[in-house]
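To start, the structure itself, in structure tokens.
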2 protein chains.
Amino acid sequence: MKKLINDPDGVVRDALVGIEVAHPDLRVDHENRIIYRREPTRPGKVALISGGGSGHEPLHGGYVGFGMLDAACAGEVFTSPTPDQMVEATKTADSGAGVLHIVKNYTGDVMNFEMAAELAESETGVRVASVVTDDDVAVQDSLYTAGRRGVGVTVLLEKIVGAAAEEGRDLDTLAELATRVNASGRSMGMALTSCIVPAAGKPTFDLPENEMEIGIGIHGEPGRHRVPLAGAREIAEQLVEPILADHDFTGAPAIVLLNGMGGSPLLELYLMYGEVQRILEASGVTVARSLVGNYITSLEMAGCSVTLLRADDELLGLWDAPVATPGLRWGV
Amino acid sequence: MKKLINDPDGVVRDALVGIEVAHPDLRVDHENRIIYRREPTRPGKVALISGGGSGHEPLHGGYVGFGMLDAACAGEVFTSPTPDQMVEATKTADSGAGVLHIVKNYTGDVMNFEMAAELAESETGVRVASVVTDDDVAVQDSLYTAGRRGVGVTVLLEKIVGAAAEEGRDLDTLAELATRVNASGRSMGMALTSCIVPAAGKPTFDLPENEMEIGIGIHGEPGRHRVPLAGAREIAEQLVEPILADHDFTGAPAIVLLNGMGGSPLLELYLMYGEVQRILEASGVTVARSLVGNYITSLEMAGCSVTLLRADDELLGLWDAPVATPGLRWGV
């Protein structure tokens, strides 16, 4: 295992040190492994909190900041944070206007965030609403999930709902918006190689040199099928077609995320994006906004995913609103 | 070779398609493989042009936009663009105020940019000045270089001099500033793994599972030595100490870039940055600004590099100025 780490069991702890010193706008509670904005939540603003296993950076800590999250709880690599972390983040980030939990649909995350919401509400009376993202069309149930997995839409949702929270919208309105965004998005991913969880020290799965995994999960969990290695054009088809078969993306502007899994060069991601956009255009999808790069990763896995969000003028306006986080930044 | 590509010999051509459709603020001349800003250079503004082999994305095409470059010439992977490309970019981007060529110190790039400057000047009378970056302290001469290699400082220079160009400073002033920035910066890199040039189809070099290469070049060219794999803390020392031994970074604010080579997860880059900043503080270096991520890459190489720039109030002001490019964006 070749990694830029000290101790395989201390990777998250050590990385949080770097995140804090690299970003003066953020503050890290090292004991509870929570990343906050430097400034407390503005009174009257609903706090947005997410979190999950580490190894998907910039998700979630890299999306803490103006226009997106107020706090993110970091679990061990590919492991849910604990309810304690989420309770602490919820109490601390609440300014009195309530807290929205943004939860990717993995059994551990869902269970722990539910427990945390109950605890925080009963202990301090903070109002908590939750949205669970489940945009991955690849598989219905999986190793870590009942129902579909939450992947790329989470990034888009945190941006869009984060902008609405800055406008001062209330908790119920934001929860409704979040539910609508999740319902309007679909994703599909693929891997050329496995990743290595530091504490495991070996590849999560074996993938022969002449094969790829279509429908991969962001923890390396199995997808739909293994197929012979193909060119970018065919890979793009294998990702986009299941998305378009699952939801109607015509007749409305779309936001498209071509996401790298972490180990694929940006040169290849741009190449893939060209292929994806070509298919979308041929399919009658109008691409209004796009994002190409590493936004929800799986450590050093080589591969990519495609996320489509069916938008409208309101969602595009919220997408375009200023954001200032380590992972997404514009307009400020 | 597992890559998200169609044809190993058409990677740059295909990626340029994706870059253009992903970024409406950019325009691509596909025939000449030049990335421009969508809007022509403002009259009176000096045009900044860079370029080099592809495979280092976001460098250079990802730094075209307000506050940085006006155009970037893309060569084949790890291969200099031709003088023809540079002449075309120089003529097209010039608004009458002259053109600054920003050239990384590799034999092919330097020779071709020199030839292009002469041709452009003699053909159309455009005034051209050049700066050659050579910040890599690892080796004096190498496979592709007489003198030191140009690496991470190139990114910082394009940002700082780009901001000065937006202010309307003239060509001589900008060339002088660029020379000063290059002289104030030092870098050192390392690799855990090789990368694979698509047209070659096999790793550029072999690196055993228990070794790493300290002082690696961004094309995989040899560094100072191969040593047994070590922890992040020791790697940080092996990168920072040669930099501090080569130049005095105390008594002035420093801009620090912790750069990923392309294949290392962001989680590890943050971890490395924590180690680097600790050493800098202990060495009396005041970190004023920092940047952590993939900014000048070597395809999917795992590893990282450290760049330090000795700054002052003027350089920090130019660093903080608004920038809007695919690779660096803030304030706008």
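Below, chain A is the first sequence line, B the second, and so on; all start at residue 1.
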Check your understanding: What part of B:Val77 lies closer than 4.5 angstrom to a heavy atom of chain A: side chain, backbone, both or neither?
Key -> side chain
Review point. How many angstroms lie between CG in A:Asn210 and CE in B:Met1, if you round to the nearest 0.5 Å?
Key: 13.5 Å
Study note, to complete from the structure: Among A:Glu300, A:Glu275, A:Lys3, the residue with the most heavy-atom pairs under 4.5 Å to chain B is A:Lys3
Practice item. Heavy atoms only, distances under 4.5 angstrom: which of A:Ala232, A:Gly18, A:Ala236, A:Gly231 has the most pairs with chain B? Name it, please. Key: A:Ala232
Check your understanding: When rounded to the nearest 0.5 angstrom, what is the spacing between OH in B:Tyr270 and CG in A:Asp14?
Key -> 15.5 Å
Exercise for review: Could you tell me which portion of B:Ile19 (side chain, backbone, both or neither) has an atom closer than 4.5 angstrom to a non-hydrogen atom of chain A?
Suggested key: both
**Study point:** A:Ala22 versus chain B, the contacting section by heavy-atom distance below 4.5 Å
**Key:** both
Exercise for review: Go through the steps for B:Val287 and A:Val21 under the test side chain to side chain contact (heavy atoms under 4.5 Å, CB included), then give the verdict.
Suggested key: CA-CA 10 Å; B:Val287 178; A:Val21 292; over 6 Å; no
Exercise for review: Please determine, among B:Pro322, B:Gly293, B:Ser54, B:Gly274, the option with the most heavy-atom pairs under 4.5 Å with chain A.
Suggested key: B:Gly274
Point to revise | Inter-residue atom distance A:Glu57.CD - B:Leu267.CG, 0.5 Å rounding | key: 4.5 Å
Practice item. Nearest 0.5 Å please: distance from the CG atom of B:Leu271 over to the CG atom of A:Asp7. Key: 10.0 Å
Check your understanding: Is it the backbone or the side chain of B:Pro326 that comes under 4.5 Å from a heavy atom of chain A, or both, or neither?
Key -> side chain
**Study point:** Straight-line distance of B:Ile235 CD1 to A:Ile5 CD1, nearest 0.5 Å
**Key:** 9.5 Å
Review point. Considering only heavy atoms, which portion of A:Val332 lies under 4.5 Å from any heavy atom of chain B: side chain, backbone, both, or neither?
Key: backbone
Exercise for review: For chain B, find which of A:Leu192, A:Leu266, A:Leu269, A:Val12 contributes the most heavy-atom pairs closer than 4.5 angstrom.
Suggested key: A:Leu192
Review point. Going from CG on B:Leu207 to NZ on A:Lys2, what distance comes out if it is rounded to the nearest 0.5 angstrom?
Key: 3.5 Å
Check your understanding: Is chain B contacted by the side chain of A:Met190, its backbone, both, or neither, given a heavy-atom distance below 4.5 Å?
Key -> side chain
Check your understanding: Do you know which two heavy atoms are closest between A:Leu4 and B:Ser264, and how far apart they sit?
Key -> CD1-OG, 3.7 Å
**Study point:** Residue, of A:Ser290, A:Ala324, A:Ala15, that accumulates the most heavy atom pairs under 4.5 Å with chain B
**Key:** A:Ala15
Revision key, fill the gap. When the 4.5 angstrom heavy-atom criterion is applied to B:Gln277 and chain A, the contacting part is side chain
